[in-house]
Amino acid sequence: MAHKEEATTAEAPASQNGEDLENLDDPEKLKELIELPPFEIVTGERLPVNYFKFQFRNVEYSSGRNKTFLCYVVEAQSKGGQVQASRGYLEDEHATAHAEEAFFNTILPACDPALRYNVTWYVSSSPCAACADRIIKTLSKTKNLRLLILVGRLFMWEEPEIQAALKKLKEAGCKLRIMKPQDFEYVWQNFVEQEEGESKAFQPWEDIQENFQYYEEKLADILK
């Protein structure tokens, strides 16, 4: 069974950028933190090792995992059979647009009707209800887009609203499944920063297989 870790409760207010404002007696420093703009969507080709090891770990609940990391592969195929592939990752702070929405706004803002798109996401956790709704609307109006979402964890899967959203994703033709240990290894090899001139082997964490099976059963129960 996936490990459950208790979330910690913040005792001090935080700025919109997540900085702890406790014990900040310097008015200039306080002003600087408050005036910082909200977190922006971060994009790139490879994410830091420590981000992957923490954010993608498939525990059930854990404090501190307040971001969504989305690694993507986009294959655009022409009628002649030529395939153009691109990949990268997005992360958010849940302060602006979520990573799923940002993908459609920035990475794939418009689909060429002359091309067929096969898109694969490797996401640290499954979509919230609002993001699921955006995905469904995009798929309904973009018939040349196929989307496969692989998730490390299920986000708030006990909530009826989330369960309904996951069912609607399936009905809309979106393929959704839990990341297997092999999928985590794929992300490690293709989306995580490696030492220059050296590729370190993926080291599975304890209970990675057990936690995968736990979430796989939960998702099957929801989608049946």
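Computed from heavy atoms alone, side chains included, the values below leave out hydrogens, waters and symmetry copies. Along the sequence shown, the residues carry numbers beginning at 1.
Remark: side-chain polar atoms of S125 are not paired, donor with acceptor, to backbone N or O of R153 under 3.5 angstrom. Proximity of a side-chain donor or acceptor of K170 to a complementary backbone N or O of L223 within less than 3.5 Å is detected.
Side-chain contact between N144 and C111: present, with at least one pair of heavy atoms (C-beta onward) separated by less than 4.5 Å. Between C71 and L47, the closest side-chain pair of non-hydrogen atoms falls below 4.5 Å. Contact check for F212 versus P181: side-chain heavy atoms found under the 4.5 Å cut-off. With contacts defined as side-chain heavy-atom distances shorter than 4.5 Å, the pair V123/L150 does not qualify. V119 is not listed as a side-chain neighbour of V73, based on a closest heavy-atom distance of 4.5 Å or more. Under the 4.5 Å side-chain criterion, counting only non-hydrogen atoms from C-beta, C128 is in contact with F155. The shortest side-chain heavy-atom distance between L147 and K175 does not fall under the 4.5 Å cut-off. Annotation: side chain of L219 is not in contact with side chain of Y214 (no heavy-atom distance under 4.5 Å).
Counted within 6.0 Å of CD on E161, heavy atoms from surrounding residues, nucleotides or ligands total 12 or fewer; the atom is thus considered open. Counting heavy-atom neighbours within 6.0 Å of R116 CZ, excluding the residue itself, gives a total of 12 or less.
Not counting sequence neighbours, Y117 has no partner by the ring-ring contact (aromatic ring centres under 6.0 Å, His included) test. Under the side-chain contact (heavy atoms from CB on, under 4.5 Å) criterion, S78 pairs with Q82, L115, sequence neighbours left out. F103 pairs by the ring-ring contact (aromatic ring centres under 6.0 Å, His included) definition with Y72, W121, not counting sequence neighbours.
Exactly one of I149, V151, V187 qualifies for a side-chain contact (heavy atoms from CB on, under 4.5 Å) with M179. That residue is V187.
Note: F69 and Y51 meet the aromatic proximity criterion, with ring centroids under 6.0 Å apart.
With rounding to the nearest 0.5 angstrom, the CH2 atom of W188 is 10.5 Å from the CZ atom of R46.
The minimum heavy-atom distance between E193 and V49, with the atom names listed, is O-CG2, 3.2 Å.
Defined by atom type and a distance below 3.5 Å, a donor-acceptor pair is present between the side-chain atoms of N58 and W205.
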Carefully, step by step, assess R134 and E101 under the rule salt bridge (charged side-chain N to carboxylate O under 4.0 Å, His left out). CA-CA 7 Å; R134 172 62 190 274; E101 183 175 0; 3.7 Å; yes
